[in-house]
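Working notes, structure below.
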Amino acid sequence: MPEYKGMVQPVRATPDEMRKIFAEPVPDEQKPEKAIEYLDEIRKKFRSFVVAMESCVKCGQCAENCHTYLGTRDPNNIPANRAELIRKIYRRYFTLEGRWFGKLVGAEDISLDVIEQWYSYFYQCSQCRRCAHVCPFGIDTCEVTFIGRQLLHWLGITPKLHAAVGGAMEKVGNHTGLPKPGIVDTLEFMSEEIMDEFGVEVEFPVDKPDSDIIYIPSSADFLLNPYTLMGAGMFFTYIGANWCIPSNVTEAGNFGLLFDQYYTQRGNVNRLLNAAHELNAKKIVWGECGHGWRAAKMYVPSLADRPVRWPLTHVHDEAAELIRRGELKLNPENNPEPVTLHDPCNYVRACGLNDNMRTIMNAVTVDFREMNPHGVDNFCCGGGSGILFDDPEMYQRRIQLSQKKADQVRATGVGKDGNGILCAPCSICKAQLYPMVEEHELGVHVHGLIDLLAKALVWK
Amino acid sequence: MPCLTVNGVDIELDEDGFMIDPDLWNEDVARAFADSEGISELNEDHWKVINYLRDYFKQYHIAPMVRKLCQETSCSLKYIYDLFPSGPAKGACKLAGLPKPTGCV
C-alpha cells in the first residue's frame with residue numbers, strides 16, 4: 001500500500017517507466033539540492049507562481065470551496081496550505097527574511113520528507129481551479145500544483161498511471177495503447193451498433209487525406225464510452241461533414257498539462273499539428289475531454305513550433321452553433337429521463353463552454369435539472385487531473401473526493417427512481433463517476449453530452 | 001516486485017497484480033489469479049470471457065470495448081461483474097493475462 005509517514009501516495013512509476021518518457025530519475029541523495037535548482041529556474045519563468053508565493057494572506061476563502069478538503073478534512077488539503085508546502089521552501093531559499101530568520105517566518109529547509117509531502121498532496125489536488133475562482137487576490141493555486149508536479153517529474157517522481165499514459169502516447173498516439181487495427185475494428189463495431197440501434201448508416205473514416213475536419217476523440221471512448229464515440233460519428237454524418245479520425249493522434253487528452261508541461265505537453269501538441277499537416281486537414285474538432293480541451297484551446301498557440309493554421313474547436317461549440325442556427329432537427333422526447341449536468345472544471349473555468357453545453361442540453365432533453373452550484377461555480381468530480389488511482393488506499397480517497405459531487409447529484413433528485421442520467425462530458429469525469437455513482441448509490445447512469453445529442457437527432 | 005508461482009514457474013506481476021510477461025500465461029495461471037480474486041471456481045462462462053479477451057488481444061494488442069466484450073460473449077455487464085467481481089478491466093483482463101489498461105478508464 002503506497003503510504004509515506006502516514007500520507008497516502010499514488011503508486012509511482014519505476015525508473016524504467018520514467019526513462020520511457022525521457023525523464024532520468026535523480027538519486028535520492030541529490031533530490032533536495034536538485035529540487036531547489038529546478039524551483040529557482042521555474043520561479044524566474046512563471047510570474048503566476050511568484051504571485052501565488054508572495055500574495056496569499058491565508059484568508060481561508062479557499063478552504064470550504066475545495067472538494068478535496070471537504071472530502072478529507074485534512075488541513076494540508078486546504079489550497080492555501082497546500083501551496084504553503086512549496087511556499088515554505090520558496091521563502092527559505094528565495095526571500096531575504098526566510099534566509100535570515102528561517103523557521104521564525106515559516107521557512108523550512110528542503111528535505112526528502114518535504115518532497116514526499118509534495119507527492120502526496122499535489123496528487124490529491126484535482127487542479128480544478130475552484131479555489132482560484134474564489135480567491136480575492138486572484139491567486140491560481142492550480143499553477144502551484146502544476147509546478148509542484150513538474151518539480152516532482154524532473155526529480156523522477158511521477159505516478160505510474162501518468163507515466164504509463166505518457167509512454168502509451170509516445171508509442172501509439174493515445175493513452176490507452178490502442179494500435180490502428182484496434183481503432184478500426186472498434187469503429188466498425190460502432191457502425192454496426194448504430195445501424196442496430198438507430199437504423200442509420202454511419203461510417204467512421206480513419207486517416208482520410210484532405211478531410212475538412214479531423215476529429216480528436218478521447219481514446220477512453222474506444223473502451224468505455226460507446227455512446228460518445230457513436231454520437232460523434234452520428235453528428236458528423238448528420239451534418240454531412242467530410243471528416244476523419246487520425247490514427248496517429250486518437251487522443252483528446254494531454255497529460256503533459258498535468259505532470260510535465262515541458263517535454264510531454266509540447267511533444268503532444270506537435271504530434272497533433274503534424275497529423276493535421278499530413279492529412280491536409282482544414283480544421284481540428286475536439287472530443288469530450290476536459291483537461292485535454294484546456295490543453296488544446298489554451299496552450300496549443302503558445303506551445304506550437306509553427307504558425308497554427310487550423311481553427312481549433314470543440315464538438316460542443318460546433319453542435320451549439322448549429323442548434324442556434326436551427327440546422328439540427330432534434331426531438332428532446334428521445335431523452336425522456338431526468339438529467340443533470342456535471343460541468344467538467346476545465347470546460348467552465350478555463351474554456352468558456354458553459355453556455356454552449358446548456359444550449360445543447362436544453363435542446364435535446366425534456367427534464368434537465370441544474371445542480372447547485374453549477375457552471376463556473378461547479379465542484380469537481382474528484383478525479384480531475386487524472387487522479388484515477390485504483391489501488392485500495394487511493395480508491396478510498398477517490399470516494400471521499402467525490403462526496404461533494406454525490407451530495408450535489410442527490411439533491412437534484414434525478415436518481416430518485418433509478419433512471420436518472422448524470423451527464424459528464426469528459427473522459428476523466430466519466431472514469432471517476434462510473435464507479436462513484438455506484439459507491440454513493442445515486443440511481444443514475446453516466447453519459448456524455450454528445451451521446452444525448454445523437455439520440456435526439458431526427459434523421460430525414 | 002510481487003510474484004505468483006504456478007506449477008513451479010515464478011510469474012512476475014506489476015504493483016496492481018497484472019502479468020508483466022503475457023506469454024507466460026496458461027490456464028493454471030488463470031486459476032491461480034481466480035483464487036486471489038476470490039473466485040472459487042472458473043465455470044464455462046468465465047472461460048468464454050477469458051478466451052474471447054485473449055483472442056482479441058492476440059489479434060489487436062488491446063482489450064476490446066467493454067460493450068463488444070458483452071455482445072460477443074452474450075454476457076451483460078452485470079453478469080460480467082458477477083463472474084469477475086473486480087470488473088471487466090481489473091478482473092477479467094487480469095485473469096486473461098492482459099496488461100492493465102491505462103488512461104482514463
Side-chain angles (χ1 to χ4, degrees), chain A residues 2 11-12 14 17 160-169 172 174-187 189-190 192-193 196 218-227 229-230 251-253 255 289-292 383 386 388 390-391 426-432 434-435 438, chain B residues 1-3 12-22 36-38 49 52-82 84-94 96-105:
Chain A
V11 176
R12 61 189 79 191
T14 62
E17 287 165 336
K160 194 180 184 66
L161 169 64
H162 291 66
V165 157
M169 195 70 202
V172 291
N174 58 65
H175 292 174
T176 49
L178 262 164
K180 186 171 178 179
I183 292 169
V184 171
D185 179 71
T186 305
L187 292 173
F189 174 64
M190 293 286 85
E192 291 162 19
E193 292 291 282
D196 286 353
S218 162
S219 66
D221 294 351
F222 287 78
L223 295 176
L224 280 189
N225 314 317
Y227 283 101
L229 200 47
M230 290 196 267
E251 186 53 71
F255 268 36
C289 170
H291 86 276
L388 299 164
D390 54 14
D391 60 89
C426 155
S427 280
I428 288 179
C429 304
K430 285 169 191 157
Q432 162 76 345
Y434 284 138
E438 304 293 333
Chain B
M1 198 62 85
C3 203
E12 228 184 316
L13 305 177
D14 69 11
E15 290 85 346
D16 299 299
F18 284 71
M19 290 177 73
I20 305 259
D21 178 5
S36 67
E37 288 281 302
V49 170
Y52 178 72
L53 283 173
R54 287 196 61 79
D55 289 345
Y56 194 91
F57 187 78
K58 233 179 263 170
Q59 195 174 349
Y60 296 109
H61 306 287
I62 184 82
M65 181 183 258
V66 173
R67 187 183 174 97
K68 185 161 184 168
L69 170 70
C70 293
Q71 272 199 15
E72 299 285 326
T73 57
S74 311
C75 297
S76 69
L77 187 55
K78 190 184 168 302
Y79 184 54
I80 290 194
Y81 270 93
D82 291 341
F84 303 93
S86 309
K90 276 174 262 166
C93 283
K94 184 188 280 182
L98 272 55
K100 185 170 193 264
T102 64
C104 302
V105 294

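Just so it is clear: chains get the letters A, B, ... in the order the sequence lines come, proteins before strands, and each one is counted from 1.
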>> Using side-chain contact (heavy atoms from CB on, under 4.5 Å), reason through B:Gln71 and A:Glu192 one step at a time and then give a plain yes or no.
In response: CA-CA 12 Å; B:Gln71 272 199 15; A:Glu192 291 162 19; over 6 Å; no

> Relative to chain B, which segment of A:Glu193 carries a heavy atom at a distance below 4.5 Å: side chain, backbone, both, or neither?
Replying inline: side chain

> By a 4.5 Å heavy-atom criterion (distance strictly below it), what part of B:Pro64 contacts chain A: side chain, backbone, both, or neither?
Replying inline: backbone

>> Is A:Asp221 close to chain B through its backbone or its side chain, or both, or neither, when contacts mean heavy atoms under 4.5 Å?
In response: backbone

> So what's closer than 4.5 Å to chain B heavy atoms on A:Thr176: side chain, backbone, both or neither?
Replying inline: both

>> If the contact rule is any heavy atom under 4.5 Å from chain A, which residues of residues 52-63 of chain B qualify, in numerical order?
In response: B:Tyr56, B:Tyr60, B:His61, B:Ile62, B:Ala63

> Can you tell me how far the CG atom of B:Leu69 sits from the CG atom of A:Leu223, to the nearest 0.5 Å?
Replying inline: 11.0 Å

>> Is A:Lys160 in contact with chain B via its backbone, its side chain, both, or neither, using a 4.5 Å heavy-atom distance?
In response: side chain

> Is A:Asp185 salt-bridged to B:Lys68, going by a charged N under 4.0 Å from an acidic O?
Replying inline: yes

>> For the CG atom of A:Leu224 and the CZ atom of B:Arg67, what is their distance to the nearest 0.5 Å?
In response: 12.5 Å

> Checking heavy atoms, do the side chain of A:Ile428, its backbone, both or neither come under 4.5 Å from chain B?
Replying inline: both

> How many angstroms lie between atom CZ of A:Phe255 and atom SG of B:Cys104, to the nearest 0.5 angstrom?
Replying inline: 4.0 Å

> By a 4.5 Å heavy-atom criterion (distance strictly below it), what part of A:Leu229 contacts chain B: side chain, backbone, both, or neither?
Replying inline: side chain

>> I need the minimum non-hydrogen distance between B:Val105 and A:Ala220, along with the two atoms involved.
In response: CG1-CB, 4.3 Å

>> Once rounded to the nearest 0.5 Å, what's the spacing between atom OG1 of B:Thr102 and atom CG of A:Leu388?
In response: 11.5 Å

> Contact part of A:Phe222 toward chain B, heavy-atom cut-off under 4.5 Å: side chain, backbone, both or neither?
Replying inline: backbone

> Side chain, backbone, both or neither: which part of A:Leu178 has a heavy atom under 4.5 Å from chain B?
Replying inline: both

>> Can you tell me how far apart CD (B:Glu15) and OG1 (A:Thr14) are? Round to the nearest 0.5 Å.
In response: 7.5 Å

> Can you list the steps and then say if A:Glu17 with B:Asp14 is a side-chain contact (heavy atoms from CB on, under 4.5 Å)?
Replying inline: CA-CA 12 Å; A:Glu17 287 165 336; B:Asp14 69 11; over 6 Å; no

> Side chain, backbone, both or neither: which part of A:Met190 has a heavy atom under 4.5 Å from chain B?
Replying inline: side chain

